[in-house]
Amino acid sequence: MINFFERERHNFSTDNVSTELTLLESKESANNSASTSSTSNNHLSLEERRDVSIELNLYEDPFKIKKRLTKSDVSGMCRLLLKINLVKQHILPYLTVTSINEIESKNGARVMIWDHDTMSLHSMSFKKWSSSKSYVFIDSWSKDFVNRRGLMEGDEIGLHWDSYTSRFNFRVLERAPRN
DNA sequence: CCCTCATGCACCGTG
DNA sequence: ACGGTGCATGAGGGA
């Protein structure tokens, strides 16, 4: 088990704080101006408005990594393949170089996954495939998630890296219609 | 064309 | 012998 990420824990919290500050600042400045001019609210620049709405969208949905499960995610081989872009955007920036090296090594990195639906903790191996450059969860993915949760092709799951607890949060977002 | 992703297959360790 | 894993390959889509 690797000890994940002292560094990004700090980074992440910095990110969070700055997100909050952005929102507060905009509102604050709008309010301050409003006290001297009643029409100030209408004078927010486009830039400011866009910032606010973008930040709010991100804040609403913590499960940034979503996957509609494919046949090979749940049957036979049972490994969970993640999109490269999502991993690069939402996971790698928060990890230490050591951890990233582990992920890209043959052995992969052992990561903890918190199942938010059943409140249980599981460990999996997370690695980058050398040939296709994709990122996969293997190991207990089939036993602890596919079998235990009864996941099927077409189900949508959500994941995100939680730097505070140094683990992934997992959730089943939508079940495909069962026959 | 190139890149990404899903899947099939071969190989390797364990029982 | 078999299940799990690494890797190759092909399909599919965007530039």
Side-chain angles (χ1 to χ4, degrees), chain A residues 1-5 7-8 11-12 15 19 46-47 50-51 53-55 57-163 165-179:
Chain A
M1 166 76 60
I2 55 179
N3 179 20
F4 261 102
F5 328 103
R7 180 176 61 82
E8 78 280 358
N11 281 350
F12 187 81
D15 281 354
T19 297
L46 281 180
E47 190 92 22
R50 202 184 53 207
D51 277 350
S53 84
I54 288 173
E55 299 299 342
N57 278 339
L58 289 177
Y59 196 74
E60 273 170 13
D61 186 6
F63 290 95
K64 297 184 176 66
I65 303 171
K66 297 192 177 71
K67 179 73 193 279
R68 181 78 55 184
L69 298 179
T70 63
K71 201 175 296 176
S72 55
D73 286 329
V74 294
S75 67
M77 306 292 117
C78 280
R79 55 218 174 187
L80 177 62
L81 188 105
L82 298 181
K83 293 189 194 300
I84 299 172
N85 275 346
L86 294 179
V87 173
K88 284 185 176 164
Q89 256 181 296
H90 300 301
I91 303 179
L92 299 187
Y94 305 111
L95 307 188
T96 60
V97 174
T98 324
S99 307
I100 292 175
N101 285 339
E102 266 188 64
I103 288 166
E104 295 186 353
S105 80
K106 203 170 180 184
N107 291 333
R110 185 134 290 269
V111 296
M112 303 303 289
I113 307 210
W114 174 254
D115 187 329
H116 195 273
D117 297 321
T118 63
M119 301 288 179
S120 54
L121 192 60
H122 308 270
S123 93
M124 284 199 270
S125 183
F126 184 56
K127 69 178 63 173
K128 182 179 184 178
W129 277 354
S130 58
S131 64
S132 55
K133 305 203 164 46
S134 330
Y135 292 87
V136 286
F137 286 107
I138 54 172
D139 196 20
S140 60
W141 162 249
S142 52
K143 178 167 55 76
D144 285 348
F145 287 88
V146 177
N147 294 341
R148 187 180 59 90
R149 298 297 311 277
L151 297 177
M152 295 181 64
E153 180 181 3
D155 292 351
E156 188 183 35
I157 58 104
L159 278 169
H160 75 95
W161 174 253
D162 183 344
S163 291
T165 53
S166 293
R167 64 197 188 193
F168 287 95
N169 282 343
F170 170 91
R171 192 160 200 188
V172 177
L173 299 177
E174 189 188 328
R175 296 271 184 176
R178 304 295 201 259
N179 296 324

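Note on naming: letters A, B, ... go to the chains in the order of the sequence lines (proteins, then strands), and numbering restarts at 1 for each one.
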Tell me, do Phe126(A) and Leu82(A) make a side-chain contact under 4.5 Å, heavy atoms counted?
yes
Here the distance between atom C1' of dT5(C) and atom CG of Leu80(A), to the nearest Å, is 15 Å
Short side-chain N/O contact to dC7(C) OP1/OP2 from Lys133(A), under 4.0 Å
no
Starting at atom CD1 of Ile84(A), determine the distance to atom P of dG14(C), rounded to an integer number of angstrom.
16 Å
Toward the 5' end of DNA chain C, which comes first, Lys128(A) or Ser142(A), by nearest nucleotide?
Ser142(A)
Qualifying residue for salt bridge (charged side-chain N to carboxylate O under 4.0 Å, His left out) with Asp115(A), from Arg171(A), Arg167(A), Arg149(A)
Arg149(A)
Protein heavy-atom contacts under 4.0 Å, written 5' to 3' over nucleotides 7-15 of chain B as B (base), S (sugar-phosphate only) or - (none), form the string BBB------
Under 4.0 angstrom, heavy atoms only, what part of the nucleic acid is Asp139(A) near: base, sugar-phosphate, or nothing?
sugar-phosphate
If I compare all heavy atoms of Pro93(A) with all of Val87(A), which pair ends up nearest, and what's the gap?
CD-O, 4.2 Å
Which pairs, with at least one residue in residues 135-147 of chain A and sequence neighbours excluded, count as a salt bridge (Lys or Arg N to Asp or Glu O under 4.0 Å)?
Arg110(A)-Asp139(A)
So what does Lys127(A) hit on the nucleic acid, given a heavy-atom distance under 4.0 Å: a base, only sugar-phosphate, or nothing?
sugar-phosphate
Quick check on dA6(B): is either OP1 or OP2 less than 4.0 Å from any side-chain nitrogen or oxygen of Lys67(A)?
yes
Using every non-hydrogen atom in the two residues, find where Asp73(A) and Lys67(A) come nearest and quote the distance to one decimal.
OD2-NZ, 2.8 Å
Within this structure, what is the CD1-to-P distance between Ile138(A) and dG4(C), rounded to whole angstrom?
11 Å
Can you check the Met124(A) CE to dT5(C) P distance for me, whole Å?
12 Å
Side-chain donor-acceptor pair under 3.5 Å between Asn101(A) and Thr98(A), yes or no?
no
Tell me the interatomic distance from Gln89(A), atom CD, to dT4(B), atom P, rounded to whole angstroms.
13 Å
Does the pair Trp114(A) and Met119(A) meet the rule for a side chain to side chain contact (heavy atoms under 4.5 Å, CB included), with working shown?
CA-CA 7 Å; Trp114(A) 174 254; Met119(A) 301 288 179; 3.4 Å; yes
Spacing of Tyr135(A) atom OH relative to dA6(B) atom P, expressed in whole Å:
15 Å
To the nearest angstrom, the CZ-C1' distance between Phe137(A) and dT5(C) comes to 16 Å
What integer distance in Å separates Asn147(A):CG from dG4(C):P?
9 Å
